[in-house]
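In what follows, a structure is listed as structure tokens, so that the remarks can point back to it.
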Amino acid sequence: MAAKRRRKRYRKRTGGRTKLLLCAIVEVIVLAALLVMIGWHYGLEGWLRQFSLPVVKELDLSGINSPDAVLIQANSGKVIGEINGEERIYPASLTKMMTTVVAIEELDSLEQEITLTAEMFAGLYEQDATQAGFQPDETVRAIDLLYGVMLPSGAECCIALADTLAGSEEAFVELMNKKAAKIGMEDTHFCDSTGLHNPEHYSTAKDMAVLLKYGLKNDTFREIIESPWHSTPPTNIHPDGITYYSTMFKNLSDTAVTGGEIKGGKTGFTNEAGLCLASFAEIEGREYILVTAGAPGDTGSPLHVQDAVTIYNRLGEAALEKK
């Protein structure tokens, strides 16, 4: 009996040790898999480099033209500087970032052909909405409409995508608001796909930064927003195609800033919203997102772009000091 009890105690002890050993092995495997995934995402050299990059934890955004601004780290979403970042703003054409995100996710193919109808242009001329240059009855690829939304801020491109993908702009806007809630935009409400002024169409600088952070995870979105220009193939209306240009890059003579470069962005403007810009830059190997809103639009100068250059230069100087 004594021997039997000893064997039982031994099995109990060794069984517990075996469980602990198995748990430790599983943890090591999971950690190794995680490290491999991170290394694959960044590339081994890039991943190792992340640990040696300077980290700016806080930055003063004062002294700019925009009354509302937020600066975040693109990877983590950590806010490192803000001025009224959670105050409501009118986002104007920054709205079109969400239009693009939803359209990309709803499209079956970027090569899908879409014909613009006369109804899609209704009210756009009267509201002085910016257009990319397409015409009624013109058939174009979805990818060309996406570039048309983001680069020249074409309202007709927004309506064409919204009507085609959701049946109406109203139904498409419902998808936009659902997406906003899903990705953590806490104080945003869209009324249209274009950003044309509506008192109930609002957001915050912080929410727009959250949106851009989300969009940049999509390769198509990133490729579009980083493009200074885009040329379409020939269409039934434009035999030579159309070439249009980014409204941000047109106002940015030099993308270089201290320690890096401005890589892309989306502008916006209405009389009520002022000049707005959602942009991102790589500074000393790290990506940052800056959203500014409310800069005066009656000076003839691109104050929103100037603000971005000012802040990114300041950020680069701070990063260099961390080295």
Side-chain angles (χ1 to χ4, degrees), residues 56 58-74 77-98 130 150 153 185-190 195-199 201-213 215-216 225 246-258 260-283 287-319:
V56 179
E58 188 174 355
L59 192 75
D60 178 17
L61 303 190
S62 63
I64 60 176
N65 302 286
S66 304
D68 306 284
V70 66
L71 176 69
I72 69 170
Q73 294 177 352
K78 176 177 169 37
V79 175
I80 60 175
E82 66 175 306
I83 305 171
N84 301 320
E86 297 185 6
E87 292 293 318
R88 283 188 179 179
I89 61 168
Y90 295 125
S93 286
L94 300 190
T95 299
K96 290 167 181 158
M97 294 191 296
M98 179 61 86
T130 304
M150 289 292 289
S153 215
M185 298 173 71
E186 298 178 348
D187 193 16
T188 294
H189 181 257
F190 297 116
L196 290 169
H197 182 66
N198 184 315
H201 186 103
Y202 56 81
S203 186
T204 67
K206 185 177 180 180
D207 276 5
M208 285 291 119
V210 169
L211 172 56
L212 181 50
K213 177 178 180 291
L216 290 174
I225 199 172
S246 161
T247 54
M248 185 197 77
F249 284 115
K250 281 199 302 184
N251 288 299
L252 187 62
S253 58
D254 187 358
T255 61
V257 291
T258 304
E261 67 170 336
I262 299 174
K263 300 181 70 176
K266 178 74 191 77
T267 64
F269 173 77
T270 63
N271 290 329
E272 296 82 1
L275 292 168
C276 307
L277 176 62
S279 64
F280 64 106
E282 184 174 312
I283 307 292
E287 276 194 347
Y288 298 87
I289 290 170
L290 173 68
V291 176
T292 61
D298 55 359
T299 67
S301 297
L303 299 180
H304 49 344
V305 176
Q306 293 175 19
D307 283 348
V309 173
T310 296
I311 294 302
Y312 288 132
N313 277 326
R314 192 179 299 174
L315 180 60
E317 292 164 4

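Just so it is clear, the model here is predicted, and its values are computed rather than measured.
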For this session: Kindly compute the distance separating CD (Glu261) from OG1 (Thr255), expressed to the nearest 0.5 Å.
Result: 5.0 Å
For this session: Kindly compute the distance separating OG1 (Thr258) from CD1 (Ile283), expressed to the nearest 0.5 Å.
Result: 7.5 Å
Problem set entry | Nearest atoms (heavy-atom pairs only) where Gly268 meets Leu94 | N-CD2, 4.1 Å
Exercise. Considering all heavy atoms of both residues, which atom of Gly264 and which atom of Phe249 are nearest to each other, and what is their separation?
Worked result: CA-CZ, 3.9 Å
Exercise. By salt bridge (charged side-chain N to carboxylate O under 4.0 Å, His left out), which residues pair with Glu287, not counting sequence neighbours?
Worked result: Arg222, Lys263
Seminar exercise, completed: Separation between CG (Leu61) and CG (Leu290), nearest 0.5 Å, reads 7.0 Å
Seminar exercise, completed: So CG of Leu315 and OH of Tyr288: to nearest 0.5 Å the spacing works out to 5.0 Å
Exercise. To the nearest 0.5 Å, how far apart are CG in Asp60 and CD1 in Ile311?
Worked result: 7.5 Å
Seminar exercise, completed: Smallest heavy-atom separation, Ala205 atom then Val70 atom, equals O-CG1, 3.3 Å
For this session: Scan Thr188, Asp187, Thr95 and name whichever one has a side chain to side chain donor-acceptor pair (under 3.5 Å) with Ser203.
Result: Thr188
Problem set entry | Residues Ser93 and Ser153: side-chain donor-acceptor under 3.5 angstrom | yes
Seminar exercise, completed: Heavy-atom closest pair (Ile262 atom, Ala281 atom, distance to 0.1 Å) is CA-CB, 3.8 Å
For this session: State the CE-CE distance between Met150 and Met97, to the nearest 0.5 angstrom.
Result: 6.5 Å
Exercise. Quick one: side chain to side chain donor-acceptor pair (under 3.5 Å) partners of Tyr202, sequence neighbours excluded?
Worked result: Arg88
Seminar exercise, completed: Those residues at least two apart in sequence (or on a different chain) that pass side chain to side chain donor-acceptor pair (under 3.5 Å) with Asp307 are Asn65, Ser66
Which atom pairs, one a donor and one an acceptor, fall under 3.5 Å between side chains of residues 77-87 and the rest of the protein, sequence neighbours left out?
residue	atom	partner	partner atom	Å
Glu82	OE1	Gly85	N	3.4
Asn84	ND2	Pro67	O	2.8
Glu86	OE2	Lys206	NZ	3.3

Exercise. Which atom names give the shortest non-hydrogen contact between Ile225 and Phe280, and what distance separates them?
Worked result: CG2-CE2, 3.6 Å
Problem set entry | Check: His201 and Pro199 side chains under 4.5 Å, non-hydrogen atoms | no
Exercise. So Asp254 and Val309, side-chain contact (heavy atoms from CB on, under 4.5 Å) or not? Walk me through it.
Worked result: CA-CA 9 Å; Asp254 187 358; Val309 173; over 6 Å; no
Exercise. Can you name the closest pair of heavy atoms from Leu212 and Ala278 and give their distance?
Worked result: CD2-C, 4.0 Å
Exercise. Given Gln306 and Leu303, is the side-chain contact (heavy atoms from CB on, under 4.5 Å) satisfied, shown in steps?
Worked result: CA-CA 5 Å; Gln306 293 175 19; Leu303 299 180; 3.5 Å; yes
Seminar exercise, completed: Applied to residues 265-274, the salt bridge (Lys or Arg N to Asp or Glu O under 4.0 Å) test, sequence neighbours excluded, yields none
Problem set entry | side chain to side chain donor-acceptor pair (under 3.5 Å) partners of Thr247, counting only residues at least two apart | Thr267
